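Everything below concerns the one structure shown next.
The structure displayed is predicted, hence computed values, not measured ones. Below, chain A is the first sequence line, B the second, and so on; all start at residue 1. Hydrogens, waters and symmetry mates play no part in the numbers below; they use all other heavy atoms, side chains included.
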There are 2 protein chains.
Amino acid sequence: MRLSRYFLPVLKETPSEAQIVSHRYMLRAGMIKQAQAGIYSWLPLGFKVLRKIEDIIHQEQARAGHIPLLMPTLQSADLWRESGRYDAYGEEMLRITDRHGRDMLYTPTAEELITDIFRSNVSSYKDLPLTLYQIQWKFRDEIRPRFGVMRGREFLMKDGYNFDLTREDALHAYNRHLVSYLRSYERMGLQAIPMRADSGPIGGEDTHEFLVLADTGESEVFYDSQITDLKFGDRAIDFDSVEQCQAVMEEFTSRYARTDETHVQAEFETQVPQDRRRTARGIEVGQIFYFGTKYSDALNATVNDGQGKDVAVHMGSHGIGVSRLLGAIIEASHDDKGIIWPEGVTPFHCGIVNLKQGDAEADAACDSLHAALVALGLDPLYDDRKERAGAKFATMDLIGLPWRITVGPRGLKNGVVELTSRRTGESEELPPEAAVAKIAALYGAIAA
Amino acid sequence: MRLSRYFLPVLKETPSEAQIVSHRYMLRAGMIKQAQAGIYSWLPLGFKVLRKIEDIIHQEQARAGHIPLLMPTLQSADLWRESGRYDAYGEEMLRITDRHGRDMLYTPTAEELITDIFRSNVSSYKDLPLTLYQIQWKFRDEIRPRFGVMRGREFLMKDGYNFDLTREDALHAYNRHLVSYLRSYERMGLQAIPMRADSGPIGGEDTHEFLVLADTGESEVFYDSQITDLKFGDRAIDFDSVEQCQAVMEEFTSRYARTDETHVQAEFETQVPQDRRRTARGIEVGQIFYFGTKYSDALNATVNDGQGKDVAVHMGSHGIGVSRLLGAIIEASHDDKGIIWPEGVTPFHCGIVNLKQGDAEADAACDSLHAALVALGLDPLYDDRKERAGAKFATMDLIGLPWRITVGPRGLKNGVVELTSRRTGESEELPPEAAVAKIAALYGAIAA
């Protein structure tokens, strides 16, 4: 993409309403624009990252054997009355009346509707296990929306729901989600730590939140420092194997890690040696729940158990805060010049900076670099504006592409361009073809 | 995908509320489920087709040089008051009040918000031309929603907006959209005819609707039969070339083709020889508008014209009815057994039917066919249920996958499987590897 043909409205000034770094950088980098309090337009650069995150989630959910569908944003109040949550939910639920006077709501979560889909179509244990999920816009009428997309009112969420015959099967589904979430977050360049959590308005017995450590996190967290050494990595896993998923769950949740909601100081001190006790702030980026038959009882979602009895299905629900993840990634990965995107979610794979736009040789070299990268399936952003080098560098640093190729007449005389890492700041000079090959290898390795 | 692990709730009975064939088949094939009047959940099979249509649109918009973003579903009433449409829009606009008593609405279209994004960020002619678009859920509170997704209340739409310095540039953007839409619809297996249309509540001077001919169409259409011979095909086009885009526009719109809203019988009879005059019904699947400075005047969206003057930008808006396209495609492509998906949008590339589930040889042959297709990047649906052959064939015919591979012990003794075209019903026997190669070649040819 040529920057001259793109829409990247970078701001020089820091908007005064932004209190945290991710909000500041998302506004300055032209990723979002507030439409009204807590509601944002996703400008092209922000939209690209949002789609990358969605793609990772879809791929990892497919790997775990979960099936995507899409439920509407508006729902009838009737189902919520059936579950008892219509009155219980409070003012965060946006209630709407249509032209015929019927009560509707903008869905904050979808336990009721997915259970209705299930009970209308499934009646036998033979159709289980089943996990359905969606990535869809939700609404929560926060009284004081703030921190940009981190605490917005209209937000994008992945929400998945498992239906199982027994508690054991449902706990396997719980573990499957834990594993798939660990994989997803790592692919986004994040370390998200599962912490024992409180179930809140969803209800349930077992629940873990996934937290990314960051100074601006909304929760205080307490954990054993050994946890931050754990990596899921590229280990192979059979999602059908109860034992394998259980082993991962135990590995990642057996050490003490809790938010302030569930923290017990005495247990912390008993379970964790003093030199490994850590206190920090964390951003919640996901949560998994097992809640048994809470919704299947309320909504009468039963299956024949193969022995002549109809039994309520065991369920859980599992969420990833998709739009807030952009904020969390930036909080975890930036410096004073701007964002530093992890390779897995970067909006463009690399930038190309032409130091002397209009110089025939420099222009031709940039065109050919751009074409070579595109031919390999990569997506570069070529800054072809007639701007000073300093302004081009500042834009590239702000928008945070992990790699930059700098092209200028002096280097070209020696047959080289400069390849710079946004994260380390380190540069090397190398022939244009070698720069292309290096970037291709780097992203090839990530895709594999 | 193995059907035993998928969620495909096929119905045996035709739901009584469905009046048209696409609605009947979408319900029976387990593609959608009504959540409330005019609001649907997209079950896995329906969601897959929806995503395929979105992908085609994104690819063709990128080819035309248009930039994707995403605006929120809920908007503040303020901008709509500024344009004067808040009061003018009538009861189809879903009006919402938040917990602080602020007026919002579920957006039926986004001229106001995109113009606000533009005016906040662009001030120079140097940043033009610019076309931004999104694919996002909209809401229109239809008094009598009907015909399934064809006339729903919550619906998915692609809406694009061009910003240009002059009327001539904006007309080029209009033509670019016409060309990209022709390409998009053809890739979906549809012939959509541009017809001169009425501008309705968007306003504007120039507008064409795209109509798919089908008996159940909501509009009566009048056209010169030569039009149905036109194909865009795989011709190369330079979207930057004013002449090339203009030539396509003239080729596809110079013959008489109008809906009942703009039809003039006397002109029809003068312009079209009697033997080429056709009257039919059509389904509207898209519309393009040029409306000049209507919104830029109202919302004060101006740019410096390079000669010291601030001028209002020339705009147009361009829409594709994404969710209704599923209905339109089915109306145009089905028989009495079910849907017949065009290859470009089929939810699975082919079906595999195992005639004797549990037979070791048949099971192994199906597993190996499935693996071979997946290894080539194809997405087959393998019916591995313990069902009669007749029931498996009926399901495959209903859900409309264009190709079916049938595997049974008798054929395997002779080293062959059966490959059947859903469209023609023709079958041939061939070795499993040859069946895989044939399907791969077929979809390879489409992807190229």
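Using a 4.5 Å cut-off between heavy atoms, A:H66 makes no contact with chain B at all. Of the atoms belonging to B:L74, heavy atoms from both backbone and side chain fall under 4.5 Å from chain A. With a threshold of 4.5 angstrom between heavy atoms, B:F139 approaches chain A through side-chain atoms but not through N, CA, C or O. Both the backbone and the side chain of A:E91 come within contact range of chain B, each with at least one heavy atom under 4.5 Å from a heavy atom of that chain. Both the backbone and the side chain of A:D116 come within contact range of chain B, each with at least one heavy atom under 4.5 Å from a heavy atom of that chain. Looking at A:I117, both its backbone and its side chain come within 4.5 Å of chain B, counting heavy atoms on both sides. For A:I143, the parts lying under 4.5 angstrom from a heavy atom of chain B are both the backbone and the side chain. Heavy atoms closer than 4.5 Å to chain B are found in both the backbone and the side chain of A:L43. Using a 4.5 Å cut-off between heavy atoms, A:V122 contacts chain B through its side chain alone, with no backbone atom that close. With a 4.5 Å cut-off on non-hydrogen atoms, A:Q34 does not touch chain B at all. For A:T97, the part lying under 4.5 angstrom from a heavy atom of chain B is the backbone only.
Between A:D240 and B:R5 there is a salt bridge, with a side-chain nitrogen of the basic residue lying less than 4.0 Å from a carboxylate oxygen of the acidic one.
Of residues 150-162 of chain A, those residues lying under 4.5 Å from chain B by any heavy-atom pair are A:R153, A:E154.
In this structure a side-chain-to-backbone donor-acceptor pair under 3.5 Å is missing from B:D141 to A:D98.
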Query raised in the report: Is there a side chain to side chain contact (heavy atoms under 4.5 Å, CB included) between B:Q136 and A:W137 once you walk through the steps?
Result: CA-CA 10 Å; B:Q136 178 62 299; A:W137 292 92; 4.0 Å; yes
Query - Evaluation steps, side chain to side chain contact (heavy atoms under 4.5 Å, CB included), between A:F47 and B:L70 - result: CA-CA 6 Å; A:F47 176 65; B:L70 195 65; 3.7 Å; yes
Report task. With side chain to side chain contact (heavy atoms under 4.5 Å, CB included) as the test, would you mind laying out the steps for B:E92 and A:R99 before giving the verdict? Result -> CA-CA 8 Å; B:E92 287 199 358; A:R99 69 190 295 177; 3.9 Å; yes
**Report entry** Candidate pair B:T73 and A:Y106, rule side chain to side chain contact (heavy atoms under 4.5 Å, CB included), full reasoning
**Finding:** CA-CA 10 Å; B:T73 60; A:Y106 200 121; 2.6 Å; yes
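Contact tally against chain B (heavy-atom pairs below 4.5 Å) for A:D78, A:I67, A:L128, A:D127: the top residue is A:I67. Ranked by heavy-atom pairs under 4.5 Å with chain B, the list A:G46, A:A37, A:P72 is led by A:P72. Of all the listed residues (B:K48, B:H58, B:K126, B:M1), the one sharing the greatest number of non-hydrogen pairs under 4.5 Å with chain A is B:H58. Comparing A:L50, A:L79, A:L94, A:I114 by heavy-atom pairs within less than 4.5 Å of chain B, the highest count is held by A:L94. The candidate with the highest count of non-hydrogen atom pairs below 4.5 Å against chain B, out of A:W42, A:Y40, A:Y6, is A:W42.
The distance from atom CD of A:Q36 to atom CE of B:M104, rounded to the nearest 0.5 Å, is 5.5 Å.
Side-chain contact between B:F7 and A:N121 is present, with heavy atoms from C-beta onward closer than 4.5 Å. Within the 4.5 Å cutoff, side-chain heavy atoms of B:S41 are placed close to those of A:L113.
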